[in-house]
Amino acid sequence: MLGPVILAASRSDKMRRLVSAAPGTKQVVARFIAGETVDDVVPIVSELSARGLEVTLDVVGEDITTVEQSYAARDAYLELIGRLKELGLGARAEMSVKLSMFGQSLENGHELALANVRPVVEAAAEIGTTVTLDAEDHTTLDSMFAIHEELRKSFPQTGCVIQAYLFRTEDDARRLAANGSRVRIVKGAYKEPASVAIQDKPEIDKAYVRIMKILMDGEGYPMIGSHDPRLISIGQELARRAGRKLDEYEFQMLYGIRSEEQNRLAAEGHRMRVYTAYGTDWYGYFMRRLAEKPANLLFFVRSILTKG
């Protein structure tokens with residue numbers, strides 16, 4: 001399978017250099033990454049908002065190695081929130097953060113990540129929006145959920161992400177649904193061992209449906225992160241059976257993927273949020289997008305051959 005190979009490459013400095021130097025890379029990266037700076041991404045937020053779409057913004061770059069880099073990540077999000085405030089876009093755009101970028105993997109990382117993310121959550125609340133904590137590999141999740149629980153004491157709108165391929169996720173979903181959390185469900189994009197994660201794609205899809213039902217039947221706010229038409233249709237039916245109104249759940253898709261479907265769902269009255277990443281350290285994020293769908297890899301290879 002190509003997915004695990006690509007995920008391994010996402011951690012390779014040699015592959016990072018090769019991919020970055022490839023002639024067609026810039027063109028393909030632009031499909032998934034909205035730009036490198038706040039100035040690049042703010043017009044995109046305005047354009048998506050004008051189409052009736054909502055946004056979650058991710059400053060890419062989770063592979064940090066120093067405390068100073070964690071502070072820089074915090075400040076990058078605070079700068080973003082400041083610009084959204086200036087333009088009155090807070091109500092249409094939330095933030096997605098990876099706690100590894102805030103220092104979670106460093107010494108005393110749990111405390112450092114909490115200290116760094118708290119001012120971001122506070123600033124987001126001040127402009128009428130919120131923050132969702134992205135899920136990373138399974139070794140980070142207990143820390144992420146503990147930080148999520150702590151933040152919700154003062155900011156109950158703080159969201160988190162769960163991954164359908166992990167065996168633990170159905171239990172996590174029940175707990176989160178019972179306490180009224182905002183929860184994004186995704187299939188999962190990290191290379192995980194068979195001891196903790198489902199390896200068979202059809203079985204992952206079945207788990208995804210089971211978890212959607214738990215969330216729809218619960219007390220929280222489900223956020224369905226998928227481009228799969230079948231799973232989207234099932235999500236709509238589960239919401240109908242649970243008696244949910246259109247503003248009591250939402251769909252989420254990545255920037256640059258299935259834009260027509262995003263517009264269609266928004267036109268039907270669904271809340272449709274576009275996960276929009278930007279920043280200079282795009283490599284890890286980009287490689288995970290390739291790993292998730294072979295068609296993305298083929299698109300990338302064709303572009304390189306065309307430009308070469």
Side-chain angles (χ1 to χ4, degrees), residues 7 9-21 25 29 32-42 45 56-86 93-127 129-151 154-155 158-161 189-190 275-289:
L7 288 174
S10 73
R11 297 291 184 180
S12 165
D13 288 337
K14 181 178 180 180
M15 285 302 300
R16 180 190 297 265
R17 291 191 295 270
L18 287 173
V19 171
S20 299
T25 294
V29 169
F32 303 108
I33 304 291
E36 294 190 347
T37 68
V38 173
D39 289 336
D40 293 331
V41 79
V42 164
V45 175
T56 187
L57 292 162
D58 174 14
V59 183
V60 294
E62 64 263 34
D63 293 326
I64 70 161
T65 57
T66 68
V67 172
E68 289 72 24
Q69 288 174 314
S70 78
Y71 296 154
R74 173 201 62 198
D75 293 344
Y77 274 95
L78 292 174
E79 178 190 12
L80 169 61
I81 292 169
R83 290 296 301 277
L84 294 174
K85 180 179 180 180
E86 290 174 9
E94 67 159 38
M95 262 58 64
S96 287
V97 305
K98 289 180 172 59
L99 292 176
S100 60
M101 190 174 173
F102 284 61
Q104 187 186 43
S105 64
L106 304 180
E107 185 177 0
N108 298 317
H110 179 87
E111 292 77 13
L112 177 62
L114 177 57
N116 277 331
V117 76
R118 189 183 293 277
V120 175
V121 174
E122 291 173 347
E126 289 175 2
I127 68 167
T129 189
T130 188
V131 171
T132 295
L133 308 182
D134 276 339
E136 301 181 68
D137 75 81
H138 76 279
T139 64
T140 69
L141 295 184
D142 286 340
S143 172
M144 184 273 281
F145 285 129
I147 289 173
H148 175 248
E149 184 175 349
E150 179 64 27
L151 291 170
S154 300
F155 304 97
T158 306
C160 69
V161 177
Y190 291 83
Y275 190 105
T276 306
Y278 74 99
T280 56
D281 192 8
W282 49 264
Y283 176 76
Y285 177 89
F286 173 66
M287 293 298 281
R288 285 195 296 278
R289 302 293 77 77

Would you say the side chains of Asp137 and Thr140 form a donor-acceptor pair under 3.5 Å? no

Can you tell me if Glu94 uses its side chain to pair, donor with acceptor, with the backbone of Thr132 under 3.5 Å? no

Could you tell me which residues satisfy side-chain contact (heavy atoms from CB on, under 4.5 Å) with Leu106, sequence neighbours excluded, listed by chain and number? Ile64, Val67, Leu112

Using the test side-chain contact (heavy atoms from CB on, under 4.5 Å), find all partners of Ala76 that sit at least two apart in sequence or belong to another chain. Val59

Side-chain donor-acceptor pairs of residues 141-148 under 3.5 Å, sequence neighbours excluded:
from, atom 1, to, atom 2, distance (Å)
Asp142, OD1, Arg168, NH1, 3.0
Asp142, OD1, Arg168, NH2, 3.2
Ser143, OG, Gln104, NE2, 3.1
Ser143, OG, His110, ND1, 2.8
His148, NE2, Thr158, O, 3.0

Pairs touching residues 70-83 that satisfy salt bridge (Lys or Arg N to Asp or Glu O under 4.0 Å), sequence neighbours left out: Asp39-Arg83, Arg83-Glu86

Check step by step if side chain to side chain contact (heavy atoms under 4.5 Å, CB included) holds for Phe102 and Val120. CA-CA 11 Å; Phe102 284 61; Val120 175; 3.9 Å; yes

Leu80 and Tyr278: side chain to side chain contact (heavy atoms under 4.5 Å, CB included), yes or no, with the steps? CA-CA 11 Å; Leu80 169 61; Tyr278 74 99; 3.6 Å; yes

How far apart are the C-alpha atoms of Glu150 and Arg118, what are their side-chain angles, what is the distance that settles it, and do they pass the salt bridge (charged side-chain N to carboxylate O under 4.0 Å, His left out) test? CA-CA 10 Å; Glu150 179 64 27; Arg118 189 183 293 277; 3.7 Å; yes

Is there a donor-acceptor pair closer than 3.5 Å between any side-chain N or O of Asp40 and the backbone N or O of Thr37? yes

Just to verify, what does Ser96 make a side-chain hydrogen bond (donor to acceptor under 3.5 Å, both in side chains) with, not counting sequence neighbours? Thr56, Arg184

Under the criterion side chain to side chain contact (heavy atoms under 4.5 Å, CB included), I'd like the reasoning laid out for Leu84 against Leu57: C-alpha separation, chi angles, the key distance, then a yes or no. CA-CA 11 Å; Leu84 294 174; Leu57 292 162; 4.1 Å; yes

Might you confirm whether atom CD of Gln69 has over 12 heavy atoms from other residues, nucleotides or ligands at distances under 6.0 Å? yes

Pairs involving residues 103-113, ordered by first then second residue, that meet salt bridge (Lys or Arg N to Asp or Glu O under 4.0 Å) (sequence neighbours left out): none

